[in-house]
There are 2 protein chains.
Amino acid sequence: MNEQAAPGRVGDVRRRNLSLVMDSIARTGDAKPSRAQLAAGTGLTKAAVSSLVADLVESGLVSEVGLYRDGERGRPGQGLELSSRRGVVGMEINVDYLAVGLVDLGGNLRFHSTVESRNRGLAPHKVMERLGGLAAEAVAAAAAADISILGGGLAVPGLVDEQRNLVLSAPNLHWEHEELKPRSLLEGAPLGVRLSNEANSAALGELWYGKGQPDFLYVSGEVGVGGGVIIGSELYTGPGGSAGELGHIVVHPDGPACSCGGAGCLETFAGQEAIFEAARIPDGSLGVRTELLLAALAAREPQATRAVHDAGRYLGVALASSARLMDIEAVVLGGHFAVLAEWLKPALMSSLERYAPGLLDPDNLTVSALEHSGTLLGAAGQVIRSVIESPFEFLLASKLA
Amino acid sequence: MNEQAAPGRVGDVRRRNLSLVMDSIARTGDAKPSRAQLAAGTGLTKAAVSSLVADLVESGLVSEVGLYRDGERGRPGQGLELSSRRGVVGMEINVDYLAVGLVDLGGNLRFHSTVESRNRGLAPHKVMERLGGLAAEAVAAAAAADISILGGGLAVPGLVDEQRNLVLSAPNLHWEHEELKPRSLLEGAPLGVRLSNEANSAALGELWYGKGQPDFLYVSGEVGVGGGVIIGSELYTGPGGSAGELGHIVVHPDGPACSCGGAGCLETFAGQEAIFEAARIPDGSLGVRTELLLAALAAREPQATRAVHDAGRYLGVALASSARLMDIEAVVLGGHFAVLAEWLKPALMSSLERYAPGLLDPDNLTVSALEHSGTLLGAAGQVIRSVIESPFEFLLASKLA
DNA sequence: CCCATATAGTTCAGATTGAAAACTAATTGG
DNA sequence: CCAATTAGTTTTCAATCTGAACTATATGGG
């Protein structure tokens, strides 16, 4: 069948409980729980929690932040939080811009910088060079705030091989099978830099730092139409790692040819290019075209209205199919779908009602609250999450060093 | 965010390792491994394996089956297998028939019986009564073979709530929100009877007792078109438990209305009724209509050929979308799609090639090898699997008794 | 026929770790 | 200032793994 599971050792229990305590602190967030509260919350004894927290504090992942003094009787507890002096750098390469952010273990965005950059067709090493400059700013900001950088996450708009640091295919950048050297962006960071897909990162950002529902489909409308599937608070990537390709669901069997080699894909109706073209918006920078489109919609120009209506209708078809297939009950719109939400939603909802009546509650179709920082937060969050989920490995590494 | 994980206790290690040993024995299958081989395979020490096996043998889940004598030097090992004297009854209610089977822990079908029964529109208690008669045969067969029955699995062609023993909706039986009493089919079986969906069970049967690939989409062509999604050797059911509804993917936005309330669903092109109707096969029993259709296809009658061609084409659209969305790389055809495979496959493959070129290797589009017993094996297998995955709970229960 | 060799399986000491209970620490309120 | 209350630590105990030594049972060469 498939691979054999590893045997359970006595020490695994501690591994798991360290993670449980980290996760509990992370979830409790701003409440800064005491050891006693963690014991109550996790089901562990106070003794066990004390011992676990001692290890986590020693390693610097968790800090004590003063006493409780809430007027209750009894000895006040020591508040605990994920250290605000450890951080991860989130980075994003997109078609029209580059962005970096510094996120501390608690999930606070401590520094943020975006620059416009026409990356389409640019050689990967050129783009990485520019991004390196931006990353240096984040490193400087971290030094200034006395934050030690554990690692980084880099999101790109394409299919990636995380293990090998390959961008397998990013059609909108015109990159095919390019090897990046993300590690070079943050020399010396103990956990390195992790490559990820933009839509997946945005979905994870939404999960960890947004509304936080455990099951939803994130729809990313950038130049391409991407998707990130969150099931049971985990990203579903599929066996090969490329699940969520909402843009290439067939929404009309007689539809036009698509750049993917197929036909009738959602992207041919609802991708940025498709919408701009159908709305007769002239060529130009993304910002300008978006302004023109919004103005045309506000002026109720028929071609623009129709373009967005069609996009909404076919997005509805794709969501109806997706919801049925994957049993999805909530959708979060991001990217240009978020920008166009006001005009898109009516057609989208009526389409959903036609093709999958009653399946998706209108209240469960929301717009991302994180806007542009969602992808950064998600990219950094993946590294933060890996520390929360396996603090034992981190402890080991820091003990050796 | 979501629910808190349970704390790790020292005893969890044994729980996990008991399961690991059970699973190792199950996987090794006919090879009947010795304790030493299990130690090598699992990474546990011989001492640990001995202790674990002792518990499993005592509870009756595992039996020793004679010595190895393979001409090697050294003391021969004691072969171990999942007990062939413990069994689970698999049961199936479908539109045109009822079936039961007796499956031992090793996955061998020890008894099997199917009867035709026009269940459409029949009251659930009537159907359960008939099924009870069949189940009694399985119980008698078990007694004769000295097999003690641990529990049962019951598959139905509809959406179920496993926890509450509800059939939420089985349109092809004309059942809506019916409560079944599956437990009554096997009074006294310690693990009870577990209700499940027919397509999901067939997919699991294929996983555990068929070709055994870890990732695939099982497509069930019964009266409705269902699907079972297997990812990483697990059934993907989605947050609400109703994932895999392949039959209601929208394959043509201008298609006809569907019984689900939507429009253009795959089922309206590729369901049994749709195909028979498009092929102009007169009403009658399923067996007769199938014969007529196969004869018409053999005679190359244009309406039949066209009907099956269309079904294949739209199935291709649905599979292209599904494969893109869920990153699926293998498909197993079951039910009438298996019967019609010869005529269906050409249209299906050319459709896949048109809508998702290169995504699905023709070699990865296969027909189920288990035929009708797949669903039974899967239904029983879910209970067997639960014993393999948590033998500790079973040990506890049997110690109390 | 017997003993060296090899492999299977068991026994026992040692280490890790959480539970449970008793204990110490720090605060409030009468 | 002391009783009550809550936080956190220390101690003892049980579960269960590893590792090493030991016993059991086979093969094969002299």
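Order of the sequence lines sets the chain letters (A, B, ...), proteins ahead of strands, with each chain counted from 1.
Backbone-only contact: B/Ser34 has heavy atoms under 4.0 Å from sugar-phosphate atoms and none from a base.
Comment: A/Asp12 engages A/Arg15 in a salt bridge, judged by a side-chain N to carboxylate O separation of less than 4.0 angstrom.
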Can you name the atoms? Protein N/O to nucleotides 23-27 of chain C N/O, anything below 3.5 Å, with the distance.
{"residue": "C/dA25", "atom": "O4'", "partner": "A/Arg75", "partner atom": "NH1", "Å": "3.4"}
{"residue": "C/dA26", "atom": "N3", "partner": "A/Arg75", "partner atom": "N", "Å": "3.3"}
{"residue": "C/dT27", "atom": "O2", "partner": "A/Gly74", "partner atom": "N", "Å": "3.3"}

Under 3.5 Å, which protein N or O atoms sit close to an N or O of nucleotides 17-20 of chain C? Give each pair with its distance.
{"residue": "C/dG18", "atom": "OP2", "partner": "A/Arg14", "partner atom": "NH1", "Å": "2.6"}
{"residue": "C/dA19", "atom": "OP1", "partner": "B/Arg9", "partner atom": "NE", "Å": "2.6"}
{"residue": "C/dA19", "atom": "OP2", "partner": "A/Thr45", "partner atom": "N", "Å": "3.2"}
{"residue": "C/dA19", "atom": "OP2", "partner": "A/Thr45", "partner atom": "OG1", "Å": "3.0"}

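Here the CD-OG distance, from A/Gln382 to A/Ser196, works out to 4.5 Å after rounding to the nearest 0.5 Å. Taken to the nearest 0.5 Å, the CZ atom of A/Arg86 stands 12.0 Å off from the CG atom of A/Asp104.
With hydrogens and angles ignored, the 3.5 Å screen pairs no side-chain donor or acceptor of A/Arg14 with any backbone N or O of A/Phe392. Under a 3.5 Å cut-off, the side chain of B/Ser24 and the backbone N or O of B/Val21 do not form any donor-acceptor pair. The main-chain N or O of B/Gln163 is found under 3.5 Å from a side-chain atom of B/Asp161 such that the two form a donor-acceptor pair. B/Ser233 places no side-chain N or O within 3.5 Å of a backbone atom of B/Asp215 that could act as its donor or acceptor partner.
Read 5' to 3', the first and last nucleotides of DNA chain D with an atom closer than 4.0 Å to a heavy atom of chain A are D/dA4 to D/dT18.
A side-chain contact (heavy atoms from CB on, under 4.5 Å) with B/Leu105 holds for exactly one of B/Val383, B/Ile25, B/Leu61, B/Val62; it is B/Leu61.
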Practice task
Determine, step by step, whether A/Asn17 and A/Val49 satisfy the side chain to side chain contact (heavy atoms under 4.5 Å, CB included) criterion, reporting the C-alpha distance in whole Å, the side-chain angles of both residues, the deciding distance to 0.1 Å, and the verdict.
Solution key: CA-CA 9 Å; A/Asn17 285 335; A/Val49 170; over 6 Å; no
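Pairing each heavy atom of B/Gly381 with each of B/Tyr209, the nearest pair is CA-OH, 3.8 Å.
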